[in-house]
Structures are given as structure tokens and as C-alpha cells.
Amino acid sequence: MKKRVYKIKKFNFVFIIIILIIIGGCEVLQENRDSKDQSKVAEVILESMNKDGGFIGFNQEKKLNYYNTFYNRALLKKDIVEIDEVYKNYIKEDFNHKVDQELSRASILEFRYLSELVSKHQISLGEEEINRLISKLKDNRKDGLYWFSKEEGKEVEKVSTTLDALIIINNITGETPKIKKETRSSLFESIKESENKYKASLYTSYKKIIELQGTSLSSNERKEIEEFVSKKGDINFAKNPEEATLQTLYLSQLSDEIDFEGFNISDEVYKRINRFKTTDDGFNMYSESNYDPKLTYEINKYLGVELSSNLTEEIQYTEISPTLYTENNINSNIIQTYRAIKTLDLMGEKVPKETTNLIEEFSTKSDLSARDLYYLLESRKLLGLSIEDFNLPSSNESLDSNQSMFYNLSSYKLSKDKDLKADFSSMKNNDGGYGQETSTLYETYLIVDNIPQNKFTSEEKEGIIDFVMSRENEDGFGKGKPSLDKTYHAIKILEKMGYSDIEGKISKAKKLAKQFKNETGTYSEEKGGSENNLRATYYGELIEKIS
């Protein structure tokens, strides 16, 4: 009996040793695999570096962009010129490729601008591909309208997507499907009942739909629109300057199209518009970006101004043929450069000297936005550059709430005698989070990350945790579907607020991150995606490195 027990014990001991060896080997393999992944990621990042040492993201080869092509040509008032056969073939191949993809609101918009080129340059497409696209559009038609929203009553998508679909069909077939009289009537009534912040754009799109039908506005429809325009569409209803500015542009367009007199806009609108001015003399809703062709075109048309030489040079910089254009923002910007620096730092990779030089160059600029300034300071800290002698520009009274938030954050980094919590008291909302209009994970994270933990009361911590948990879904965090950035922000907020089950949330976040990971070790913006994305890679790596 003793002999048998000894044999069993001996066998168990040997078995345990073997298991430990296997586990150890797996760990070594995992370490090697992680090391290889990190090496690939670093390689992708460094290959995407611009000549100036900065970054704008991955996949920077000059791809034809239909949206930019359409509006850049409109900005320059370019006549139609013959397109090179190489690009004609590219457009045909791209069309065939896009037809095989699932239709969405974004892809419909791409097809619209692509079809404009097809129509104007008489590019021949395959009949089979054309029929497949039209069939797909018809499959998404509801009550005579083309739209893709799962939410009933979403007039914004009903009107805009229907307009886009009609333009596409007209451009590639020369014919426009007819909309029934009762469909037209119910659509117009639904616009009348929609929110004010959408009405101007909806009426503009509706008028174009009617024109495509070969008819014009009825007297009752014209009267309704004139009445709406005469009240200036209640443009001052919106606290959000983006909504108010777009509303103004569409109102202006409506007043031109229906020859309505007596329409003028207050000085306040000019102030709002100028908030979106970019350094290249264009306009964009986002401070870290260069000009947006559509918004710049609409604003310049509204203001009646000509292109500046700066903007003309910028447009030419994006040109890849006499009439075709690539993506905008091919110049480095601070926030993407910061993300590249941080991602390389997480991997223990050396940041190129050119990148450090660019950050030093950025540091000498006096026209930085408050947001750029914040990420410039973060970049300097990562690179071991001093911020002690870095001067904060004088505050600009015209800063909107978003810019003001970043200005206060930068000010706090440069001068620790500020009471940051008091500065952001106005952004504290009833749901426990922080934000200008409503609470967001991003704004809550930025503020919570910079305020010492002991500054929050127990009640405030509970409120912040409750807000964060209200954004949790099955896979991670985010309103609707989970995303890497929102999940990372949520985890870091919970961690700082002393959430009890933080390990469980971190484990869940790491599982989510794996679903966004590519073969190269980088990350996509969508689950199971294949495109490398610098922003997604930045947040994916941050999640992976949470201990």
C-alpha cells in the first residue's frame, strides 16, 4: 500500500513539473508574441511618420477622396477637365468594390460624390454593378423613401439619405425614381414637426428632392418655408455653436433659393463662424484639423468672400491630378503626434529625433488652440522636455466652453496653485459626470484625471461612478456600442474613484480590446476591422497596459 501511494505521489510530482514547464513555455511564447506584436506596431507607427517628424495617422498614401474632390473643385470654381485614364480605372474599380460592401449612411454619401465624377466625366460602369447598387438602394426603401436608420421617425436620415440616393440613381442612370404624392406630403409634414435645429437643413434637402422630381414647391410649402426663414429659424435657440452655425448656413441658402428678402444675420453668428477659422484660412468644426472643404465652401459662399492664397496653396497641396483630391489634414497635427509619442513610449520604443524637433517647433507657435496647447504640454512631458519655462498665452475672451476647458487644464499644468475643481464646477452635471451640454466620458476623464483624488467627497465619487456605470454595455463602455476610447476613459475614472470591482472591469476591457486588434498588432476603429488606425491603436495599447 505504501509503495502504491509513493508511486502515485511521484507521478503527481512529475506531472506538476511537466505542467509548470508547459505553462512557463507558454508564457515565454506569449512574451515573444507580445514582443513581436509591439515591434510590428512600432514599425507601422514609424512608417506612417511625416517628413516633418509628426503624425496624422496611418494609411497616409494619397487615396482619391470623393468628398474633398467635389468641394475643392467647388471652392476653386474649376471647369470640368478630362480625367486621366489611370484614375478613371481607379474610380471604376473603387465603385465595384464599394458595391459589394454593406450600405450605410456613410457609404451612401461616398456613392453620391463618386457618382458626381462618374456623371460629369462619363465614366462607364459595369451594368451588373449598377443594377446591384440600385437593387440595394431599393431594398432599403421604406414608404417610398431611402433611409437606413433603425429608429422610426428619424427625419434627418429620411430626407438626407433619400436625396443622396436619388442623386446617385440620377447620376449613373440619367433617370430619377418618382416619389408618390402622399409620400411627399407626409415627408413635408414630418419636417414641420421636427426639431428646430434640423429644420433648415431638412427644408434645403427637401427642396432639392422636389427639384429632382421635375417639380417645384407648392404655394403652401413655399409659404411655410418663408415663415420659417423670416423667424431666422430661431437660430439663437442653440447653445452649441456648431448647430447654430450650420443652421445659419442652411437658412442663408434657403433665403437665396426662394428669393426671400429681408433676411439678415446678427453679429453673434459672425462670431460663431469665426470660431471655426483654421490657420490655413478655411473653416473646420475641430480645432486640431485643417480646413474642411464643404464647411469652407458653404461659409465662403455665405460670406461672399474669395479664397485666400493660404487656402489655395492648401488645396493644391491635396491635389493628385488636375481635378482630383486626396484626404485633407496631410500636415502633422499635435494631437495625433502626441498619440504616436505616447504609444511608442508605452512600448519602450525610442521617439525619433525629428518628432522631438517638431514638438519644439510647435512650442514656438503663438496661435495654438487651447486643445493643441494641452496635448503639446503632454507631449513635452513624455519627451522629457521642460514645461517650467513654457509661457501660457493670455486667455482669449472669445474661447468657447470646450476651448476654455483645455485652457484651464493647460493653465493647471503650468501653475499648480489653481483650484481646478472650482474652475470646472459649472461643468458638473446632475448625473454625476462632467460636460458642457451633457456629461461625456472624455470630459469627465480629462477633469478627473487632473484633479487630486482627495479633492472629491465620497458623495461626489459615488456620483461619478454612477455616471460612468450608466455608460456600460455588454462588452465595454459607450453610449450605444462600446468603443476603445470610451472604455479606456471609463476604466481610468473608475480606478481613480476607488471602484470596488475594478479588476473585473479591466479584464472585460482587455477582452474588448482584442476584438479590435489586427494581424499587425495595431487596432481598428471597428470590431473585426482590418484597417490600422492610430487613434484606436493609442487607446488599444493604453487598455493593454492597464495593470
Side-chain angles (χ1 to χ4, degrees), residues 240 242 285-289 333-339 341-343 345-346 368-382 387 390 392-393 395 399-416 418-429 431-456 460-461 463-471 476-479 483-499 505 509 534-536 538-543 545-546:
N240 184 330
E242 175 182 340
M285 292 298 178
Y286 306 101
S287 59
E288 77 272 11
S289 302
N333 69 55
I334 293 174
I335 189 166
Q336 288 285 52
T337 301
Y338 161 74
R339 286 172 180 154
I341 293 170
K342 178 68 175 177
T343 310
D345 182 66
L346 286 170
L368 290 174
S369 70
R371 186 178 181 183
D372 283 352
L373 175 63
Y374 175 80
Y375 285 105
L376 177 62
L377 292 173
E378 291 288 281
S379 299
R380 289 184 68 89
K381 281 167 54 183
L382 278 171
I387 65 169
F390 200 91
L392 183 71
S395 178
L399 286 178
D400 61 28
S401 53
N402 184 55
Q403 290 290 300
S404 179
M405 176 183 75
F406 280 105
Y407 186 89
N408 285 333
L409 287 169
S410 299
S411 177
Y412 180 69
K413 286 189 177 302
L414 293 169
S415 153
K416 290 287 184 178
K418 288 199 72 174
D419 185 351
L420 197 60
K421 189 179 173 190
D423 284 344
F424 290 123
S425 59
S426 62
M427 288 177 63
K428 181 78 173 174
N429 296 310
D431 59 8
Y434 287 88
Q436 278 103 37
E437 300 287 327
T438 56
S439 299
T440 69
L441 287 169
Y442 178 53
E443 289 165 313
T444 303
Y445 162 75
L446 281 171
I447 293 166
V448 165
D449 186 52
N450 283 280
I451 298 174
Q453 189 183 36
N454 60 13
K455 292 280 186 180
F456 294 98
E460 285 172 331
K461 287 178 182 177
I464 291 169
I465 289 171
D466 286 344
F467 159 67
V468 173
M469 295 307 296
S470 73
R471 293 292 190 271
F477 290 84
K479 211 169 182 179
S483 64
L484 292 176
D485 59 326
K486 291 180 176 63
T487 299
Y488 173 73
H489 295 145
I491 295 295
K492 295 307 287 183
I493 296 166
L494 292 174
E495 193 175 49
K496 188 159 185 179
M497 293 296 102
Y499 181 71
K505 301 303 176 191
L534 177 55
R535 184 174 182 274
Y538 165 71
Y539 283 111
E541 289 296 333
L542 284 172
I543 291 172
K545 295 297 187 292
I546 296 175

Would Leu346 and Leu542 satisfy side-chain contact (heavy atoms from CB on, under 4.5 Å), going step by step from the backbone distance to the final call? CA-CA 8 Å; Leu346 286 170; Leu542 284 172; 3.7 Å; yes

Check whether any side-chain heavy atom of [X] sits under 4.5 Å from a side-chain heavy atom of [Y], and report yes or no.
{"X": "Lys455", "Y": "Glu460", "answer": "no"}
{"X": "Met427", "Y": "Met405", "answer": "yes"}
{"X": "Tyr412", "Y": "Ile451", "answer": "no"}
{"X": "Arg371", "Y": "Ile335", "answer": "yes"}
{"X": "Phe467", "Y": "Leu441", "answer": "yes"}

What are the two closest non-hydrogen atoms of Thr487 and Ala509, and how far apart are they? CG2-CB, 3.6 Å

Which heavy atom of Asp431 sits nearest a heavy atom of Ser439, and at what distance? OD1-OG, 2.6 Å

Note: Arg535-Asp485 ion pair, threshold 4.0 Å (strictly below): yes

Can you tell whether the side chains of Glu378 and Lys342 come within less than 4.0 Å, N to carboxylate O? no

Could you walk me through whether Asn450 and Lys413 satisfy the side-chain contact (heavy atoms from CB on, under 4.5 Å) test, starting with their C-alpha distance in whole Å, then the side-chain angles of each, then the deciding distance to 0.1 Å, before giving a yes or no? CA-CA 9 Å; Asn450 283 280; Lys413 286 189 177 302; 3.1 Å; yes

Reference residue Leu494; test side chain to side chain contact (heavy atoms under 4.5 Å, CB included); the match among Ile465, Val448, Ile464: Ile465

Hits for side-chain hydrogen bond (donor to acceptor under 3.5 Å, both in side chains) against Asp466, two or more places apart or cross-chain, chain-then-number order -> none

Can you classify the ring geometry of Tyr442 versus Phe406 as parallel (below 30°), tilted (30 to 60°) or perpendicular (above 60°)? tilted

